[in-house]
Colleague: 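My questions will all concern the structure given below.
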Amino acid sequence: MRLKSLSTFALALPTFALALLYAAPAFAGSPGKTDWGAGADDATFHAMLKGSFHDKGIATMARLDQDATQAFCSDPARASGADKDSAALRARIEAENLASIKWPADGKWLGDWTKGEAIAQNGRGLTSTDKAGAVNGGNCYNCHQISRREIAYGTIGPSLDNYGKTRGGSEETLRYTWGKIYNAKAYNACSNMPRGGHMGVLTEDQIRDLMALLLDPQSPVNQ
Amino acid sequence: MNSSIVIGLAAAVLATLTVVARAENDKSIESIEQYREALRDGNPAELFEAQGEELWKKPAGPKNASLEQCDLGLGAGVVKGAFAQLPRYFKDTDRVQDTESRLLTCKEKLQGIDSSSLVKAPFGSPEKDELNALATYVSGESKNMPVKVSLARPRERAMFDLGKRIFYYQGGPHDFSCATCHGQQGARIRLQELPYLPSPKGAGGAWTSWPAYRVSSGQMWGMQWRLADCFRQQRFPEPVYGSDVTIALSMFMAATANGATVDTPGIKR
């Protein structure tokens with residue numbers, strides 16, 4: 001489920017929080033913290049977006065519409081945390097993302113790490129040249145070192161080598177790791193990591209298999 | 001040597017390199033460097049450059065005219081140095097244009113060719129290949145010159161600002177923006193190094209090396225194609241060829257790259 005836009009959400013807030021929102025509006029269509037310059041005002045910018053793209057395959061124009069998290073994080077002063085005035089909004093965005101996480105219904109956290117490795121390797125899915133309904137990859141190796149056997153890993157995210165070995169298998173670790181894969185923005189509003197479960201990129205079973213890759217003592221990650 | 005043999009050879013060398021790249025990280029980056037060195041005297045892109053020059057001079061279209069009187073910003077018929085100063089504002093179209101969108105204008109005005117069919121033609125089609133060859137020729141005529149893009153006119157400044165704003169604009173199922181992949185120093189995706197584009201060094205290296213010959217596909221890509229493929233990876237809808245979003249991003253990169261030396265045609269993975 002997508003987050004409600006902050007504008008709708010603001011109606012339900014107590015007055016003092018509302019005042020805060022007005023002082024530092026972050027929802028789409030409102031000015032953020034970064035001054036983009038006179039030539040890039042909201043109206044001109046959105047007209048440019050509208051006129052510059054077209055639907056291609058499953059990648060339709062609707063993908064240009066932002067939810068509250070994307071709108072907030074498109075302002076680099078806010079994304080980086082440099083804008084202290086938006087700290088409360090940032091916390092609210094994290095809370096909303098956290099609340100959206102669907103925990104495993106049967107309480108079963110770990111699947112099959114061999115399948116998890118294949119999902120982590122797979123960077124396919126959801127581009128304009130992919131088919132609707134195809135199984136998506138996790139893209140994990142694009143950004144993380146995971147199993148030491150794979151040398152072609154990216155460095156946008158931290159190394160996850162020995163992840164389970166260093167963190168153990170406590171309930172707390174299981175919950176955090178599931179939550180992170182399901183919705184990375186629950187713990188870090190403007191993380192560069194996609195929200196795999198929240199955006200429907202990954203299924204619950206795929207998340208279980210990725211959990212096993214990171215946390216199963218048999219997984220090469222923990223050898 | 002015959003051009004298709006050179007290209008075939010280059011592709012074969014790369015096929016081997018790709019295997020090596022997956023197996024051995026540092027070593028593969030090193031061998032790609034060596035490969036680049038080896039090709040410096042015989043970059044297959046030069047064939048596209050020559051083809052572009054031929055297309056530039058050959059009469060074509062309903063008006064059976066060549067492109068030799070095309071105004072790329074320095075006056076009708078001046079190609080030398082024009083690429084180094086693009087994108088720029090053009091009075092006749094009342095738009096800020098990059099090399100590729102300006103080529104469309106000249107084809108329309110001088111040759112009478114309807115540009116909308118060229119805009120719609122997919123990358124890899126003969127129409128787009130011709131545009132890429134033309135852009136390669138034009139860029140080659142600025143080789144070794146410093147990038148000198150002006151933001152003096154308000155429309156040019158606005159394009160830069162819009163480019164910066166879209167660079168950070170997140171959307172789609174992965175929440176990606178350009179900045180997700182190009183917004184930090186020294187990051188890679190798998191083994192591919194990602195330039196940090198908001199910096200003069202990152203933008204300089206990137207902007208000055210396209211159009212480039214891509215060894216992995218054996219294709220010549222202009223910046224329009226490069227950007228369209230990054231938007232594809234971003235899981236965005238497709239940018240229209242020559243649209244303002246592509247020119248805004250180009251303006252953002254080119255102006256940030258000011259002072260860097262044009263090194264096209266480039267050669268890439």
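So you know, we letter chains A, B, ... as the sequences are listed, proteins then strands, and number each from 1.
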Colleague: Give, as side chain, backbone, both or neither, the part of B/Arg157 having an atom under 4.5 angstrom from any heavy atom of chain A.
Modeller: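 For B/Arg157, there is no contact with chain A at all, as no heavy atom is under 4.5 Å.
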Colleague: Out of A/His144, A/Arg148, A/Gln145, which residue meets the side chain to side chain donor-acceptor pair (under 3.5 Å) rule with A/Asp161?
Modeller: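 So, applying the side chain to side chain donor-acceptor pair (under 3.5 Å) to A/Asp161 and each of A/His144, A/Arg148, A/Gln145, only A/Arg148 qualifies.
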Colleague: Check the surroundings of atom CZ in A/Arg124: do more than 12 heavy atoms from other residues, nucleotides or ligands lie under 6.0 Å from it?
Modeller: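 Count not over threshold, so no.
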Colleague: For each of A/Ala59, A/Gly37, A/Ser52, A/Gly39, tally heavy-atom pairs with chain B at distances under 4.5 Å, and name the one with the top tally.
Modeller: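 Most pairs with chain B among the choices: A/Ser52.
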Colleague: With a 4.5 Å cut-off on heavy-atom pairs, point out which of B/Pro237, B/Gly171, B/Ala158 contacts chain A the most.
Modeller: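 With the most close heavy-atom pairs to chain A, the winner is B/Pro237.
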Colleague: Under 4.5 Å heavy-atom distance to chain A, tell me which part of B/Gln184 shows up: side chain, backbone, both or neither.
Modeller: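 The answer is the side chain of B/Gln184.
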Colleague: May I ask you to decide if the ring planes of B/Phe231 and A/Phe53 are parallel, tilted or perpendicular, using 30° and 60° as cut-offs?
Modeller: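 Rings of B/Phe231 and A/Phe53: perpendicular, as their planes differ by over 60°.
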Colleague: Using non-hydrogen atoms and a 4.5 Å limit, figure out which bit of B/Phe167 sits close to chain A: side chain, backbone, both or neither.
Modeller: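 Answer is neither: B/Phe167 stays 4.5 Å or more from chain A.
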Colleague: Please say whether the positively charged group of B/Lys128, taken as NZ for Lys or CZ for Arg, lies over the ring of B/Phe123, i.e. under 6.0 angstrom from the six-membered ring centre and within 45 degrees of the axis.
Modeller: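 Cation-pi check for B/Lys128 and B/Phe123: passes.
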Colleague: Using modelled atom types only, decide if a donor and an acceptor are shared between the side chain of A/Asn142 and the backbone of A/Gly154 within a distance under 3.5 Å.
Modeller: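 Looks like no, no N/O pair under 3.5 Å.
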Colleague: Please lay out, stage by stage, how A/Thr114 and A/Asp112 fare under the test side chain to side chain donor-acceptor pair (under 3.5 Å).
Modeller: CA-CA 6 Å; A/Thr114 58; A/Asp112 176 349; 2.6 Å; yes
Colleague: Mind ranking B/Thr180, B/Val245, B/Thr246, B/Asp244 by heavy-atom pairs under 4.5 Å with chain A and telling me who comes out on top?
Modeller: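 Going by pairs under 4.5 Å, I would pick B/Val245.
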Colleague: Please state whether the side chain, the backbone, both or neither of B/Ser177 comes within less than 4.5 Å of a heavy atom of chain A.
Modeller: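 It is neither, since no heavy atom gets under 4.5 Å.
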Colleague: Examine whether an atom of B/Ile166 lies under 4.5 Å from a heavy atom of chain A, and if so say whether it belongs to the side chain, the backbone or both; otherwise answer neither.
Modeller: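 For B/Ile166, backbone and side chain are both near chain A.
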Colleague: With only heavy atoms counted, which part of A/Asp41 is less than 4.5 Å from chain B, the side chain, the backbone, both or neither?
Modeller: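 A/Asp41 touches chain B through backbone heavy atoms alone.
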Colleague: Looking at B/Asp94 and B/Arg155, is any side-chain nitrogen of the basic one under 4.0 Å from a carboxylate oxygen of the acidic one?
Modeller: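 Salt bridge: yes.
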Colleague: Using heavy-atom distances under 4.5 Å, tell me whether B/Tyr241 contacts chain A through its side chain, its backbone, both, or neither.
Modeller: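 The answer is neither part of B/Tyr241.
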Colleague: With a 4.0 Å cut-off on N to O distance, would you call A/Lys185 and A/Asp67 a salt bridge?
Modeller: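 Between A/Asp67 and A/Lys185 there is no salt bridge, as every charged N stays at least 4.0 Å from the carboxylate O atoms.
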Colleague: Under 3.5 Å, is there a donor-acceptor pair linking the side chains of B/Ser101 and B/Asp98?
Modeller: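 Looking only at side-chain atoms, B/Asp98 and B/Ser101 do form a donor-acceptor pair, the distance falling under 3.5 Å.
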Colleague: Can you tell me which portion of A/Arg149 sits under 4.5 Å from chain B's heavy atoms? Options are side chain, backbone, both or neither.
Modeller: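 Neither part.
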Colleague: Of the backbone (N, CA, C, O) and the side chain (C-beta and beyond), which part of A/Ser128 lies under 4.5 Å from a heavy atom of chain B, both, or neither?
Modeller: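 Both parts, backbone and side chain.
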Colleague: Of the listed residues (A/Ser74, A/Ala38, A/Pro194), which shares the most heavy-atom pairs with chain B below a 4.5 Å separation?
Modeller: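 With the most close heavy-atom pairs to chain B, the winner is A/Ser74.
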